[in-house]
Protein chains: 4
Amino acid sequence: MSSNADARPRRGNTRQRIQDVALELFAERGYEKTSLREIAERLEVTKAALYYHFKTKEDILGSLFEDLARPTDELIEWAAEQPRTLETKQEILRRYSEALAGAERLFRFMQENQATMRDLQAGEEFKARMLRLLDVLREPDAPLTDQVRCFSALFSMHAGLFALKDVEGDPEEKRRAILEVATDLVTQAHSDRESR
Amino acid sequence: MSSNADARPRRGNTRQRIQDVALELFAERGYEKTSLREIAERLEVTKAALYYHFKTKEDILGSLFEDLARPTDELIEWAAEQPRTLETKQEILRRYSEALAGAERLFRFMQENQATMRDLQAGEEFKARMLRLLDVLREPDAPLTDQVRCFSALFSMHAGLFALKDVEGDPEEKRRAILEVATDLVTQAHSDRESR
Amino acid sequence: MSSNADARPRRGNTRQRIQDVALELFAERGYEKTSLREIAERLEVTKAALYYHFKTKEDILGSLFEDLARPTDELIEWAAEQPRTLETKQEILRRYSEALAGAERLFRFMQENQATMRDLQAGEEFKARMLRLLDVLREPDAPLTDQVRCFSALFSMHAGLFALKDVEGDPEEKRRAILEVATDLVTQAHSDRESR
Amino acid sequence: MSSNADARPRRGNTRQRIQDVALELFAERGYEKTSLREIAERLEVTKAALYYHFKTKEDILGSLFEDLARPTDELIEWAAEQPRTLETKQEILRRYSEALAGAERLFRFMQENQATMRDLQAGEEFKARMLRLLDVLREPDAPLTDQVRCFSALFSMHAGLFALKDVEGDPEEKRRAILEVATDLVTQAHSDRESR
DNA sequence: GATGAATGAGAATTCATTCAT
DNA sequence: CATGAATGAATTCTCATTCAT
């Protein structure tokens, strides 16, 4: 019988707690403006303790991506193998929307710290993934507007995550609205194919 | 014979040059990662010279907004006074697209440094402007999806500015494609009004 | 044979050493004219080390007060509880004179950096203490001259600490002479009470 | 017809105005904490203008002493020539008290910025004057206590200038009270001479 | 009698990182 | 698994001062 079910969960989970607090602060105040001191203080450990668990500051961020972006990664992997049908595309969006919702803070962080992401290893990787996803959605020889539509669909899903924060109602409802619009865009882009 | 042909061209333009270099670096490397030392070095002046022209680092950024975002400001002002017709909305997008193109680096900067913008005075102001613009485009009692469409239109215009950079072809063509998609979205949102 | 006889004696005493050197320099050259660089250099540590031990420059000074002015504080506490007899007053002066001698450099510092003290937290606190001490010595309804005498007694004790430095003889003898004059003044002020 | 009788008295008096504002700020916030920028701003001129009138910051302060401390200087000159009678001493105190009142801000400044004064030329000079004044008051072979009394008298007059500020009543009355106490002290010191 | 533009030196402070214990 | 103590490099900013105009 484990000793502390809901008591202060200290112990093997320090790594986890660092990640939690780090993500919270990174998302809240930005990567550069969050210092390791702050993270350590909020956790009531010393800065040196952080270095026991992670090699560098960038590493902490990296670990967040590894842990939180994996579902997204798998989704993209899966998507790349599907046939390029409309149904597939729609399903991809549906799943991507959920993936985003599941790691909201992380994606919000990315959205708001793009300049920072650019020279972080995790940033490069993420950008590559996005492009692969885009490649699944769009038709290479489609007119520019349709390409934009696909891009727009993706981007709106990202941005919607937090930009609609101070707009209105129930988050889940909003998510579905965004998904609907994105699906519309991709559908339209897909349909244009035939009329060419 | 004029005294300094190519000698130190230290005329009244230093302030301008600071702004130029600052915007360049801010956009390129991000606000926090750009130090005043770098700006000064690139200009071959001392850091103190920057402080002769601007009170703080934030002030430099602020001045960029004042100078570059004014056309946008005036556009929004104008937009707020127009009747809420479809044509108006389309015209607004058209003009906004141009305004964005005219201050591309600045808007790219904003897009990529949102976390930073959040606690800058200029950030607050900009956000407020965006919301006003959104208010002109959307119908307050429209269904959520239509609201999202309007938001999406705006956001895609911003993001498109630079996110399409590493995608393809002629910038002007891309801009028009983005504008077209945005217009579609707003048009669709507007038209839904009747079918309610 | 212990490992570092005269090697870097970098034990737990750094904080102390900072305080020592800081007080020395603050008293010698004034608070503003003493830079953290100087303190660090004289200690052969880096500036950052100072910040490990103290949050700010003002904090270093604050800590000196906390450590050195405590005896004085306790004395004032004690004084406030005594009956307002002449004997008490004399005893207070006697003790205060000793307290001053025990933290000579600190009081000299205060005396010579009043302008600085004014906007330091420690300054406010000290002033409040002085007024409380004065309140114990003087009779609230005594004539103005007697109030001045009490104030003068106190002030002379402070100033004497260092102003007599370049005057003459044995410090301890001087201290006693100052105390005697101060006692005279307070005694006179107290005696006047009856003749009113 | 003169153009500006009571209008902004600009013109030949800038030097004066600099001195006024400088003294005001020096006394208010301390010498080091007062920057030339502040002085210039309050005068609505540029820093460079200050340098037209004074060679350095220290020079501004120096000029204040030259202008304001001259009466004191003359007094001391005069005092040094008088016979060493009790009446003389009393007269000296009386005059000195008035001299102090006439340049209150300057003396307050000195009192509160002793650490600064120490390495200013004006500081050295002033200290020398004080010692000469002290030499006129005290008897060289008097017991230590009596020497202290003289010193105390002088010092109380200085300190009283502003330390009694937050104590009570009418300034002029306070000045007289201080003078009275100082006179008492010197008288006592003088009288002891006989009883030796 | 002043300004506009700049500089060189230096201030306080913060940060990511290291390492012996 | 962690801390205490420290560092080196950087950062933003301020100051007294200079000088051509």
Side-chain angles (χ1 to χ4, degrees), chain A residues 10-15 18 32-40 43-60, chain B residues 3-4 8 10-15 18 32-40 43-60, chain C residues 8 10-15 18 32-40 43-60, chain D residues 10-15 18 32-40 43-60:
Chain A
R10 288 252 173 179
R11 206 52 154 290
N13 59 346
T14 302
R15 193 190 146 91
I18 293 173
E32 356 258 348
K33 270 177 336 212
T34 301
S35 75
L36 296 187
R37 180 171 57 69
E38 281 175 293
I39 297 179
L43 281 166
E44 298 184 276
V45 296
T46 57
K47 269 180 290 172
L50 304 184
Y51 279 89
Y52 178 81
H53 293 281
F54 299 94
K55 258 172 73 90
T56 66
K57 186 185 181 185
E58 185 171 344
D59 241 54
I60 299 181
Chain B
S3 63
N4 56 349
R8 300 266 179 122
R10 188 168 293 155
R11 284 202 302 281
N13 59 340
T14 303
R15 192 189 147 96
I18 294 173
E32 358 256 348
K33 270 175 340 213
T34 301
S35 75
L36 296 186
R37 180 177 52 73
E38 281 174 293
I39 298 178
L43 282 167
E44 299 188 275
V45 295
T46 58
K47 275 175 287 163
L50 306 185
Y51 280 93
Y52 176 76
H53 293 282
F54 299 95
K55 260 172 76 89
T56 64
K57 186 184 180 185
E58 185 170 343
D59 238 55
I60 299 181
Chain C
R8 300 265 179 121
R10 189 169 291 154
R11 282 203 301 281
N13 60 338
T14 303
R15 193 189 146 94
I18 294 173
E32 358 259 346
K33 272 176 337 213
T34 302
S35 77
L36 295 187
R37 180 177 53 73
E38 282 174 294
I39 297 179
L43 282 167
E44 297 187 278
V45 296
T46 59
K47 273 178 288 164
L50 306 185
Y51 279 92
Y52 176 77
H53 293 282
F54 299 94
K55 262 172 73 92
T56 64
K57 185 185 180 185
E58 185 170 344
D59 239 54
I60 299 182
Chain D
R10 289 252 173 182
R11 210 50 156 286
N13 57 345
T14 302
R15 193 189 145 92
I18 294 174
E32 359 257 347
K33 272 177 336 215
T34 301
S35 75
L36 295 187
R37 180 172 56 70
E38 281 174 292
I39 297 178
L43 280 166
E44 299 183 275
V45 298
T46 58
K47 270 180 290 169
L50 305 185
Y51 279 90
Y52 178 81
H53 293 281
F54 298 94
K55 258 173 74 91
T56 66
K57 186 184 181 187
E58 186 171 341
D59 241 54
I60 299 182

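Only heavy atoms go into these numbers, but all of them, side chains included; no hydrogens, no water, no symmetry mates. A, B, ... follow the sequence lines: proteins, then strands. Residue 1 opens every chain. Bear in mind the structure is a predicted one, so any value in this text is a computation, not a measurement.
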Exercise. C:I18 has an atom CD1; how far is it from atom C1' of F:dA6, in whole Å?
Worked result: 11 Å
Exercise. What's the spacing between B:K47 NZ and B:K57 NZ if we round to 0.5 Å?
Worked result: 12.5 Å
Seminar exercise, completed: Residues D:Y51 and D:L36: closest non-hydrogen pair is OH-CD1, 3.3 Å
For this session: Drop me the distance from B:L50's CG to B:L43's CG, to the nearest 0.5 angstrom.
Result: 7.0 Å
For this session: Represent DNA chain F in dot-bracket notation, 5' to 3'. Only Watson-Crick or G-U wobble pairs with both distances under 3.5 Å count; pseudoknot-style crossings use [ ] and interstrand partners use |.
Result: .||||||||||||||||||||
Exercise. Rounded to whole angstroms, how far apart are CD on B:E44 and P on E:dT7?
Worked result: 11 Å
Problem set entry | Under-4.0 Å side-chain N/O to phosphate OP1/OP2 contact, B:Y52 with E:dA5 | yes
Problem set entry | Length of the CG-P vector between B:N13 and E:dG4, whole Å | 17 Å
Seminar exercise, completed: Atom CG of A:L50 and atom C1' of E:dC19 are separated, to the nearest Å, by 16 Å
Problem set entry | N/O (side chain, C:H53) to phosphate O (OP1/OP2, F:dG4) under 4.0 Å | no
Exercise. A:T14 side chain N/O closer than 4.0 Å to the phosphate oxygens (OP1, OP2) of F:dC1?
Worked result: no
Problem set entry | Between F:dA16 (P) and D:D59 (CG): distance, integer Å | 14 Å
Seminar exercise, completed: Nearest heavy-atom contact between B:K33 and B:E38 is O-OE1, 3.3 Å
Exercise. Quick one: side-chain contact (heavy atoms from CB on, under 4.5 Å) partners of D:F54, sequence neighbours excluded?
Worked result: D:R15, D:I18, D:Q19, D:D59, D:I60, D:S63
Problem set entry | Contact letters for nucleotides 8-14 of chain E, in which S counts primed atoms plus P, OP1 and OP2 and B counts the base, heavy atoms under 4.0 Å | B-BSSBB
